[in-house]
There are 2 protein chains.
Amino acid sequence: MFSVSAKTQYAIRAMSYLATLGGRSATSAEIASAESIPSKYLEGIMSLLKTSGLVDSERGKHGGYRLAADPASITMLSIVEALDGSVKPVTCVDAIGSCAQGQGCQPRKFWIGLKDAIDEYLGERTLKDVTEG
Amino acid sequence: MFSVSAKTQYAIRAMSYLATLGGRSATSAEIASAESIPSKYLEGIMSLLKTSGLVDSERGKHGGYRLAADPASITMLSIVEALDGSVKPVTCVDAIGSCAQGQGCQPRKFWIGLKDAIDEYLGERTLKDVTEG
DNA sequence: TATATTCCTACCATCCCGATAGGAATACTG
DNA sequence: CAGTATTCCTATCGGGATGGTAGGAATATA
Ligand code: FES
Ligand code: FES
């Protein structure tokens, strides 16, 4: 239960690898090789990270990816959300009525509390913590 | 991300309904009707709850289900685990080496910390809290 | 015997996910 | 300009999980 998608695990390992380079840039292929990630699959992941503004990219020869910010200021929550979207134990977390149960049910507050607990854990740890810890 | 299966949501609503009966027993059909759950699907869910010892059952005419314990002593974690298994952000939470990454990777502690945070939240709330709150 | 229920097994449709393929756009190099 | 290395885009595929249904066997009551 609550298993994390391979996509997100890959993304975090990739970000972690970039963090060890001290600002140097790396190609998708280099990261894939270093972290044992299917190379072609990683390309798509890096694109998502780019779209979310977590990494910067340059195309063409000598292109590659680099972190867009300091590892200490990139929260794990931002990485997770970039790939799998925001934490939603149930579909009605923000808008009540978006559940199968129209008007909300008893356990709803409980699920929202769970979301808050997860968000808090993910939000207060940074890429730096994870890479060094 | 981290969405809860319909199965588990159904189970919690069913347990919550049983909790309101004050020890009286209810048939699967009654619960299904009261909580708008596909009746035949709920049958399977109730069986799982039975196997896990969370409810008691009686067969035959005038059979049905009742809570096996006081709502205040049934943790939400026990319900969740009965249906979707234990919380496992990554496959190697207990046994290192059971991940694709053989020897463990940097983010592993981070994932285990997440598991602990979720387990704590689920473990310290009871069916009573959820049904009344 | 008739009826109401739990319980068991099989099945199905659909969606999601991890992964691959092929190429277009872009940028550097000589 | 030609060649090459890279990001980026789109399409596709196989497998597995998931939500849900069907049918009936076992069991208990009346
Ligand atoms: S109505 Fe959304 S969780 Fe019950
Ligand atoms: S080795 Fe299990 S999470 Fe990385």
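Per chain, numbering begins at 1; letters A, B, ... match sequence-line order.
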S.K.: Heavy atoms only, 4.0 Å cut-off, all strands: where does A/Gly44 land among base, sugar-phosphate and nothing?
M.R.: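 Result for A/Gly44 = nothing.
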S.K.: Of the nucleotides C/dC28, D/dT6, C/dT6, which has the atom closest to the B/Ser28 side chain?
M.R.: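 The answer is C/dT6, which lies nearest to the side chain.
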S.K.: Show, in sequence, the C-alpha distance, side-chain angles and deciding distance for A/Ser57 and A/Lys50, and conclude whether the side-chain hydrogen bond (donor to acceptor under 3.5 Å, both in side chains) test is met.
M.R.: CA-CA 7 Å; A/Ser57 68; A/Lys50 167 70 187 300; 3.1 Å; yes
S.K.: How about A/Met76 and A/Ile79: do any of their side-chain heavy atoms sit closer than 4.5 Å?
M.R.: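 They are in contact (side-chain heavy atoms under 4.5 Å apart), so the answer is yes.
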S.K.: A/Arg66 has an atom CZ; how far is it from atom C1' of D/dT6, in whole Å?
M.R.: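 After rounding, the gap between these two atoms is 14 Å.
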S.K.: Distance alone, cut at 3.5 Å: any donor-acceptor contact between the side chains of B/Tyr17 and B/Glu30?
M.R.: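 The criterion, which ignores hydrogens and geometry beyond distance, is satisfied for B/Glu30 and B/Tyr17.
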S.K.: Under 4.0 Å from OP1 or OP2 of D/dG20: is there any side-chain N or O of B/Tyr10 that close?
M.R.: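 It does, given that an N or O in the side chain of B/Tyr10 lies less than 4.0 Å from OP1 or OP2 of D/dG20.
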S.K.: Heavy atoms from C-beta onward define the side chain here; which of C/dG18, D/dT6, D/dG20 lies closest to that of A/Lys7?
M.R.: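 Among the listed nucleotides, the one closest to the side chain of A/Lys7 is C/dG18.
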S.K.: Rounded to whole Å, how long is the line connecting atom CD of A/Glu58 with atom C1' of C/dA25?
M.R.: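 Distance, rounded to whole Å: 16 Å.
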S.K.: Grab the CD-C1' distance between A/Glu43 and C/dT20 for me, whole Å please.
M.R.: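 Rounding to the nearest Å, CD of A/Glu43 and C1' of C/dT20 are 11 Å apart.
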S.K.: Is the shortest side-chain heavy-atom distance between B/Arg66 and B/Val55 below 4.5 Å?
M.R.: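 SC-SC contact between B/Arg66 and B/Val55 ruled out.
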S.K.: Does A/Arg125 qualify as a cation-pi partner of A/Tyr121, given the criterion of NZ or CZ under 6.0 Å from the six-membered ring centre and within 45 degrees of its axis?
M.R.: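 Satisfied, under 6.0 Å and within 45°.
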S.K.: For the pair made of OH in B/Tyr41 and C1' in D/dG23, what is the distance, rounded to whole Å?
M.R.: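 Those two atoms, OH and C1', are 19 Å apart.
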S.K.: When you match A/Gly60 and A/Ala6 each to their closest nucleotide on DNA chain C, which lands nearer the 5' end?
M.R.: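 Its nucleotide being nearer the 5' end, the pick is A/Ala6.
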S.K.: Can you check the B/Lys40 NZ to D/dG24 P distance for me, whole Å?
M.R.: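 Rounded to the whole Å, the gap is 11 Å.
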S.K.: What is the distance from CG of B/Leu48 to C1' of C/dT6, rounded to the nearest Å?
M.R.: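 Answer to the nearest Å: 14 Å.
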S.K.: Looking only at the side chain of B/Tyr65 (C-beta and beyond, no hydrogens), which of the listed nucleotides D/dC9, C/dA19, C/dC7 gets closest?
M.R.: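 Taking heavy atoms from C-beta onward, the closest nucleotide is C/dC7.
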S.K.: C/dC7, OP1 or OP2 - any side-chain N/O from B/Ser57 closer than 4.0 Å?
M.R.: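 It does, given that an N or O in the side chain of B/Ser57 lies less than 4.0 Å from OP1 or OP2 of C/dC7.
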S.K.: Rounded to whole angstroms, how far apart are CG on A/Leu49 and P on D/dC8?
M.R.: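 Distance, rounded to whole Å: 11 Å.
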S.K.: Whole Å only: how far is the CD atom of B/Gln9 from the C1' atom of D/dG19?
M.R.: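 Roughly 12 Å, once rounded to whole Å.
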S.K.: Could you please name the option among D/dT7, C/dA27, C/dC7 that lies closest to any side-chain atom of A/Lys61?
M.R.: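 The closest nucleotide is C/dA27.
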S.K.: Taking atom types as they are modelled, would you say the side chain of B/Arg59 forms a donor-acceptor pair with the base of D/dA26 within the 3.5 Å cutoff?
M.R.: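 Under the 3.5 Å cut-off, the side chain and the base do form a donor-acceptor pair.
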